[in-house]
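Start at 1 with the first residue, then count along the sequence. Values reported hereafter were calculated over all heavy atoms of this structure, with side chains retained and with hydrogens, waters and symmetry mates removed.
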Amino acid sequence: MGFPKDFLWGGATAANQCEGGYRDGGRGLANVDVVPAGPDRFPVIAGQKKMFNFDEDHFYPAQEAIDMYHRYKEDIALFGEMGFKTYRLSIAWSRIFPKGDEETPNEEGLKFYEDVFKECHKHGIEPLVTITHFDCPMHLIEKYGAWRSRELIIFYERLCRTIFSRYKGLVKYWLTFNEINMILHAPFMGAGLYFEPGENQEQVKYQAAHHELVASALATKIAHEIDPENKVGCMLAAGNYYPYMPKPADVWEGMQQDRENYFFIDVQARGKYPNYALKEMARKGIQLVMAKGDEELLAAHPVDFVSFSYYSSRVATTDPDELAKTAGNIFASVKNPYLEASEWGWQIDPLGLRITMNALYDRYQKPLFIVENGLGAVDTPDEKGYVADDYRIDYLAAHIQAMDDAITEDGVELLGYTTWGCIDLVSAGTGEMKKRYGFIYVDRNNDGQGTLKRSKKKSFNWYQKVIATNGADLSND
Ligand code: BG6
């Protein structure tokens, strides 16, 4: 059987990691701009260190990124050449509403994305738009405390109404919040939350999450009202937990960790707070403030599809010795002794993708969309900028095969697949350029030096063939 004939093959990026042009076209400042590269990055994205302004001692990779703001035509043409059916990109909120709480949008920002979407269609590419991919205008952070304040729902609603109306007919696939569960792990990057000393951080995170969940349901409602053709998805940083040992306590721990992530999607896809989450919040002393009508809104406007990123499975244990050896990315997980890992320690598990797809489909019975997957690796180009990235081809081929198995053998419904960072871009976790995911090499290094010239890697032609054969030929020759 294989992939359905209208399967949406493509690639994914996020505004803050590729656009640059952070002051161009009337754009306002956002949290993602002031996050530095280097050792201060993690405490800042975790909301533990306050750096709301630029300083001379740090480098801020989002300011210029890969300059896609000025080069999008060339980049989209390359995506078209690969045969992309879809291109996932995000809107920078502060291009449309520079401060976030204005009544009137910034026409230059609106026009920019209109041109980008038109360019996509010129190449037969359907845009898939993330409304917020980690960005929040700085003014909303400084004046309202970002998503901890219910007023953010009003500003987000305004953003949604504006873009759904303006881009009607140009965009029909929307994602409300990128990796909504990231609010628990990287609250400043994910939701603009900075914690004051002594604050009850769990309370703030879950209250902010409630505001995002309401905003997401509202966005779904409005999207359908403005154009019944619109399809709205939620977005989860996915990857199922395995128990480290067959000990019931490890299995139980894995279930708890999965639920911490599922919680968001349970609300967005099933329309209500699950009992286990209400119990856990009560145990933690979290008191959610809900407004009249919130529960009805959540129930009435579940998402149309469930999208997710998948890089790796995860491992849960209660064993303190194993816990001490956790692999160091944003989602702490115990190391799986059966899996190899990328140069950044992210473990590689294609079967884990099939497991995750089945788990999500069993739970929600809604079409899935894989909107991020890929291998961050060090690429060494030759003098023409060519990279023989067989390791990336191997990684992607194995994951595409796992998707095929989930569709063909298990009957999972999958709308499409967009690989992460289809063109090299700035890493969200580390701020590096060196951690590359692309089919297209960009000449720029970690310090921001380089010509920004684009060149095709070996995987460019390979992915072109994969798309042309609708996933039937994954061979690397
Ligand atoms: C996801 C994000 O968490 O993973 C992306 O949605 C991010 O923005 C991607 O870039 C890969 O992570 P990293 O840290 O390698 O850039």
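Exactly one residue among Phe134, Trp147, Phe264 makes a ring-ring contact (aromatic ring centres under 6.0 Å, His included) with Phe177. That residue is Trp147. Each of Tyr113, Tyr87, Phe112 was compared with Tyr72 under the ring-ring contact (aromatic ring centres under 6.0 Å, His included) criterion, and only Phe112 meets it.
Neither side chain, Asn476 nor Trp462, offers a donor N or O lying under 3.5 Å from an acceptor on the other.
Note on Arg444 versus Asp67: no salt bridge recorded, every NZ/NE/NH1/NH2 to OD/OE distance being 4.0 Å or above. Under the 4.0 Å criterion applied to side-chain N and carboxylate O atoms, Glu107 and Arg166 are assigned as salt-bridge partners. A salt bridge does not link Lys111 to Glu114: none of the charged nitrogens lies less than 4.0 Å from a carboxylate oxygen. By the 4.0 Å N-to-carboxylate-O rule, Lys456 lies close enough to Glu81 to be salt-bridged with it. Between Arg148 and Glu199 there is a salt bridge, since at least one side-chain N of the basic residue sits less than 4.0 Å from a carboxylate O of the acidic one.
Annotation: Phe164 is in aromatic contact with Trp174 [ring centroid separation under 6.0 Å]. Ring centers of Phe54 and Tyr22: under 6.0 Å apart, within the cut-off. Aromatic rings from Tyr273 and Phe263 are positioned such that their centres are separated by under 6.0 Å.
Using the six-membered ring where Trp is involved, Phe52 and Phe188 have ring planes that are parallel, under 30° apart on the 30 and 60° scheme. Ring geometry, His399 versus Tyr395: the interplanar angle falls under 30°, so the pair is classed parallel (tilted spans 30 to 60°). Aromatic ring orientation, Phe439 versus Tyr463: parallel (interplanar angle below 30°, classes split at 30° and 60°).
Counted within 6.0 Å of NZ on Lys434, heavy atoms from surrounding residues, nucleotides or ligands total 12 or fewer; the atom is thus considered open.
For the pair Tyr194 (side chain) and Met51 (backbone), a donor-acceptor distance under 3.5 Å is absent. Judged by distance alone, the side chain of Asp443 and the main-chain N or O of Gly450 form no donor-acceptor pair under 3.5 Å.
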Query raised in the report: Would Ile467 and Phe84 count as a side chain to side chain contact (heavy atoms under 4.5 Å, CB included) if you check the C-alpha gap in whole Å, the side-chain angles of each, and the deciding distance to 0.1 Å?
Result: CA-CA 7 Å; Ile467 297 176; Phe84 278 21; 3.9 Å; yes
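Here the side chains of Met281 and Gln287 are not in contact, with every heavy-atom distance at 4.5 Å or above.
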